[in-house]
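Report on the following structure.
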Amino acid sequence: MDTSRLTSDRYNDYSSTEASPSEESPPGTISNYVSGPRRYQRLGEDSSSTTWYQTLIHLLKGNIGTGLLSLPLAVKNAGIVLGPLSLVFMGIIAVHCMDLLVKCAHHLCQRNQRPFVDYGDALMYSMQGSPSQWLQRHSVWGRRIVGFFLILTQLGFCCVYFVFLADNIKQVVEAANGTTNDCSSNETLVLVESMDSRLYILSFLPFLILLVFITNLRYLSIFSLLANLSMLGSVIMIYQYIGRDIPDPTSLSFVSSWRSYALFFGTAIFAFEGIGVVLPLENKMKIPHQFPVVLYVGMGIVTILYISMGTLGYLRFGSSIQASITLNLPNCWFYQSVKLLYSFGIFITFALQFYVAAEIIVPAVTLHVHDRWVRCMDLTVRAALVCITWSC
């Protein structure tokens, strides 16, 4: 794929809302898909291509989220032997699918002389190249279906992040009076009731709205770096606790029942939540051919982190492991800070997961308004989408 980037960076260069082919257009006529009446200009983003390390930061941020903390419980549901082996297998499959997706996008770009394709474009152009006339005629619907499910997935992650932020901050506040510097206890005691969780969720709403107003990935990479550092600190604190005094594992289940394994599978799939950001990140790189290396390095780190966290967490706490491993940590300020650091990381991750859905929805809306109202409509749609995830 051509490594050059357009001098004027637009949503339509990589967004699934570029001028869509009309359903009356003859199948396979690429020229109908390239031109449109007006392109959406990304606000304040003339040179927004990212370097390889900025892309790596975003890739790690997009994959390390709330699912990591629930992997010890997932390993419990699969067994101490079957669980880690399954995570290895799922990691290999996930990386292979991501790499295959990028290679298909490169092939379609070369075949159709396009600088970028996104998820919807990839399916649409693949359907156009199919020998089936029916698939060629309905290729535009493939694009719309992919866009719909991608929006549903990414905004679903954002809904989970709202709940995670509210619950963790609520736990820290309510246990504040009973939190000491003594880390000998391993229970978080709720001593003082505070306001309802829904009010905590509401308190995050204006800050998340302001955060998603950052539309440039280069600027967002600064926040992603800070979030990665805070989450790295919290993960190190968790590791140094669960890596000590590991009891005899012979009493643990090696292989669990198929019924509980289904719970493991759902949690593990949720943990591998970064596939939705693969093409947007690759499309924004200055040198796209560097992305496969970034992908393998980043996902290798993520997979190792998943396996070690899930295995060590279950070995350390056994059958008493809770839905989030942070709930098993001692009730002292050192370990309570894990929740605060991780919550900050999830706060920034909200913007990255939201970015993918906004890439599809925002241009589709702003293309139908006058130029003078584009900026206002852009921010209004973003704020409205955050409010939707908040209300869910």
Side-chain angles (χ1 to χ4, degrees), residues 1 3 14-16 49-68 71 74 85-111 114-126 142-143 145-147 149-157 217 220-221 224 228 265-307 309-310 349 352-357 359-360:
M1 187 173 72
T3 59
Y14 49 86
S15 173
S16 61
S49 297
T50 56
T51 60
W52 68 267
Y53 60 87
Q54 289 173 328
T55 304
L56 178 61
I57 290 172
H58 285 312
L59 183 65
L60 293 174
K61 192 76 239 53
N63 282 277
I64 301 176
T66 57
L68 175 65
L71 284 176
L85 291 177
S86 298
L87 286 175
V88 172
F89 178 76
M90 294 176 69
I92 294 174
I93 294 297
V95 175
H96 172 71
C97 291
M98 292 177 182
D99 183 56
L100 189 62
L101 179 64
V102 173
K103 289 179 179 178
C104 290
H106 287 186
H107 172 74
L108 293 170
C109 285
Q110 293 174 351
R111 190 178 71 180
R114 296 290 305 276
F116 307 103
V117 295
D118 71 344
Y119 295 93
D121 291 330
L123 181 58
M124 182 181 68
Y125 290 134
S126 298
R143 179 182 192 172
I145 292 172
V146 168
F149 283 110
L150 194 58
I151 292 171
L152 197 64
T153 300
Q154 299 305 120
L155 293 185
F157 287 140
L217 274 181
L220 196 59
S221 67
S224 289
N228 280 342
F265 189 80
T267 305
I269 287 294
F270 174 77
F272 286 97
E273 58 189 66
I275 194 169
V277 301
V278 170
L279 282 187
L281 293 180
E282 193 269 346
N283 288 339
K284 295 298 294 178
M285 287 191 70
K286 289 181 180 178
I287 308 177
H289 289 297
Q290 292 180 342
F291 187 77
V293 177
V294 174
L295 176 65
Y296 281 106
V297 172
M299 290 306 300
I301 295 173
V302 169
T303 303
I304 292 173
L305 187 63
Y306 284 179
I307 296 170
M309 177 67 76
T349 305
L352 187 58
Q353 299 290 355
F354 181 89
Y355 179 89
V356 179
E359 293 292 277
I360 302 173

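Only a predicted model underlies this, so the values are computations on that prediction, with no experimental measurement involved.
Here the side chains of Met90 and Ile269 are in contact, with some heavy-atom distance below 4.5 Å. A heavy-atom distance below 4.5 Å is not found between the side chains of Lys286 and Gln54. At a threshold of 4.5 Å between non-hydrogen side-chain atoms, the residues Leu123 and Arg143 do not count as touching. Using a 4.5 Å cut-off on side-chain heavy atoms (C-beta onward), Leu71 and Leu87 make contact. Two residues are said to be in side-chain contact when any heavy atoms from C-beta on lie closer than 4.5 Å; Gln154 and Tyr355 fail this criterion.
To the nearest 0.5 angstrom, Ile64 atom CD1 is 6.5 Å from Asn228 atom CG. With rounding to the nearest 0.5 Å, the separation of CD1 in Ile360 from CD1 in Ile151 is 4.5 Å. Interatomic distance, Leu281 CG to Leu352 CG, rounded to the nearest 0.5 Å: 6.0 Å. From Lys284, atom NZ reaches atom CD of Glu359 across 7.5 Å, with rounding to the nearest 0.5 Å. A distance of 11.0 Å separates CG of Leu68 from CZ of Phe270, quoted to the nearest 0.5 Å. For the atom pair Gln353 CD and Leu155 CG, the distance stands at 10.0 Å (nearest 0.5 Å).
No side-chain donor-acceptor contact under 3.5 Å links Asn63 and Tyr306.
Side-chain atoms of Arg111 come within 3.5 Å of backbone N or O of Tyr125 as a donor-acceptor pair. Distance alone, capped at 3.5 Å, is enough to place a donor-acceptor pair between the Asn283 side chain and the Val117 backbone.
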| task | Please lay out, stage by stage, how Phe291 and Thr55 fare under the test side chain to side chain contact (heavy atoms under 4.5 Å, CB included). | result | CA-CA 8 Å; Phe291 187 77; Thr55 304; 3.9 Å; yes
| Intermediate values then yes/no, ring-ring contact (aromatic ring centres under 6.0 Å, His included), Phe354 and Phe157 | CA-CA 8 Å; Phe354 181 89; Phe157 287 140; over 10 Å; no
| request: Determine, stepwise, if the pair Thr303 / Val88 fulfils side chain to side chain contact (heavy atoms under 4.5 Å, CB included). | output: CA-CA 7 Å; Thr303 303; Val88 172; 5.7 Å; no
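For the side-chain contact (heavy atoms from CB on, under 4.5 Å) with Phe89, the lone residue among Ile92, Leu85, Ile93 that qualifies is Ile93.
In plain terms, the two heavy atoms of Asp99 and Pro292 that are nearest each other are OD1-CB, 4.4 Å. When all heavy atoms of Trp52 and Met285 are compared, the closest pair comes out as CA-CE, 3.8 Å. The shortest non-hydrogen separation linking Val146 to Tyr119 is CG1-CB, 3.6 Å. Across every non-hydrogen atom of Leu108 and Ser126, the tightest pair is CD1-OG, 3.7 Å. Contact between Val356 and Pro280 at its shortest, heavy atoms only, is CG2-CG, 4.3 Å. Residue Pro288 comes nearest to Glu282 through the heavy atom pair CB-OE2, 3.3 Å, listed as atom of the first residue, atom of the second, then distance.
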